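Written out below as structure tokens is the structure these notes cover.
In listed order, ligands and their atoms are each counted from 1. Owing to the predicted nature of the structure, the values given are computational and were not obtained by experimental measurement.
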Amino acid sequence: MATVVWLHGGACNGNTQSFLNAEEPTVIDLVTDFGIEVLYHHALVTEMGESAKALLNSIIDGTRELDVLVVEGTIINGPNGTGRYDMFLGRPFKDWVADLAPKAFVTVGVGECASFGGMPSTAPNPSDSEGLQFRKAKRGGFLGESYTARSGLPVINIPGCPAHPDWISQILVALATGRVGDITLDDYQRPETFFKSFTQTGCTRNQYFEWKQSVEEFGQGTRNGCLFYEKGCRGSFTHSSCNRILWNRQSSKTRAGQPCHGCTEPNWPHYDLAPGTVFKSQKVLGVIPQDVPEGTDPLSYTLHAAAARAAAPEWAKEDMFVV
Ligand code: SF4
Ligand code: SF4
């Protein structure tokens, strides 16, 4: 049995929408089979107003125990550090998080905004938003670098815009079944089981990536090339399991002909690299250090790419078919 409070800060509700689509396990399974008791979630429980406030205050005063605090969305500090741009149950949302986080056995940031600040924290950041323990790639965030929950763990970040539903539900299962110790976190406090490999792992366009053959249009089928060079796919330097654990059990962005734009990385949406857009291509903006596959450098990559392109077999250059 694990009690869960899910709070919603500065965000679009996308992670709740994603979570409600979880399949392995489903949200219902979490409650009926894994003993999760949802004390508060804005879309799942009937508590609201004074009763919700009383419930949260009972956790803060120690009357009720909280196992898992989930936060979706940024912590909004504006204006002028008051947090009054985001009021919740009569007080700034940030004050609820400050009071509840020390009471939780584990705290989980769901989605890019809670993890790293995401879109709202991108300059000029008028709401003065930040993530729970990061502001973009910089450690600290709202709770501060030294924060740990009662378990001794820092915030577990499940980034993504939104996070994949099964990343969320499977971490909740691990927490509810007492397997907190099995969760290994990377440098950005992401569970390695979902974020150690690159988005490119499992991509059905990998053979075209190797021969540097590109699609011409968004949406072209997987036999028409890779999305890296012309379309700015970040799959070779983004850590996610989007091509291993498919979305809706059947697809991913790259399978659908859409470049990965790196939404699980702390600096997303990378406006600093491509002002005004989340997309950029090697062709348009040129190869810069952040834009070559992780583990290589621009010069080596450029030489390798030229050789691969020159040596590409005929089948790799053909439009096989458009899906
Ligand atoms: S760059 Fe993108 S489309 Fe190309 S192989 Fe890697 S993940 Fe797939
Ligand atoms: S494919 Fe890339 S942009 Fe799309 S959800 Fe996965 S990590 Fe995010």
Side-chain angles (χ1 to χ4, degrees), residues 12 14-15 17-19 21-22 110-116 118-119 157-168 186 188 190-271 273-274 277-283 285 287 290-296 301 304-305 308-309 312 316 320 323:
C12 65
N15 288 284
Q17 303 296 331
S18 183
F19 178 53
N21 280 298
V110 163
E112 189 71 2
C113 295
S115 299
F116 304 124
M119 194 76 81
N157 288 327
I158 310 179
C161 189
H164 190 296
D166 295 350
W167 304 343
I168 307 170
D186 72 6
Y188 292 114
R190 301 173 292 195
E192 287 194 340
T193 186
F194 299 123
F195 299 100
K196 187 163 187 168
S197 61
F198 293 110
T199 312
Q200 194 170 37
T201 305
C203 179
T204 46
R205 299 175 190 269
N206 268 321
Q207 67 271 43
Y208 299 96
F209 179 85
E210 292 304 322
W211 295 113
K212 309 304 169 204
Q213 299 303 307
S214 180
V215 294
E216 290 170 2
E217 305 292 339
F218 291 115
Q220 281 189 310
T222 56
R223 301 285 186 89
N224 289 94
C226 165
L227 294 147
F228 179 65
Y229 189 76
E230 301 272 354
K231 302 301 178 196
C233 182
R234 301 183 71 87
S236 57
F237 37 87
T238 295
H239 297 84
S240 86
S241 44
C242 292
N243 277 308
R244 289 193 289 120
I245 304 172
L246 297 180
W247 289 75
N248 298 320
R249 290 286 168 279
Q250 57 179 301
S251 196
S252 68
K253 280 196 182 68
T254 60
R255 288 177 194 223
Q258 157 91 349
C260 167
H261 46 87
C263 77
T264 55
E265 295 297 330
N267 281 321
W268 184 86
H270 306 105
Y271 270 29
L273 301 180
T277 176
V278 295
F279 295 112
K280 63 187 180 313
S281 74
Q282 315 301 305
K283 187 178 178 184
L285 292 174
V287 175
Q290 294 92 330
D291 286 345
V292 294
E294 193 167 305
T296 185
Y301 177 75
H304 165 77
R309 203 171 284 119
M320 304 286 274
V323 180

Residue list, side-chain hydrogen bond (donor to acceptor under 3.5 Å, both in side chains) with S197, at least two apart or on another chain: R244

Row check, F218 ring normal vs K231 NZ/CZ: under 6.0 Å, within 45°: yes

Donor-acceptor contact present, side-chain Y208 to main-chain A316, <3.5 Å: no

F228 ring center near Y301 ring center (under 6.0 Å): yes

Option among T199, T201, T254, T204 that satisfies the side chain to side chain donor-acceptor pair (under 3.5 Å) test with N243: T254

Distance filter under 4.0 Å to F228 heavy atoms, resulting ligand 1 atoms: 1 (S)

Shortest non-hydrogen contact between F195 and T264, atoms and distance: CE2-CG2, 3.8 Å

Those atoms of ligand 1 less than 4.0 Å from some heavy atom in L227: 3 (S), 4 (Fe)

Non-hydrogen side-chain atoms of V110 and F19 separated by less than 4.5 Å: no

Sorted by chain and number, the residues that approach ligand 2 to under 4.0 Å with a heavy atom: T199, T238, S240, C242, W247, K253, C260, H261, G262, C263, T264

Atom indices of ligand 1 within 4.0 angstrom of N206 heavy atoms, with elements: 5 (S)

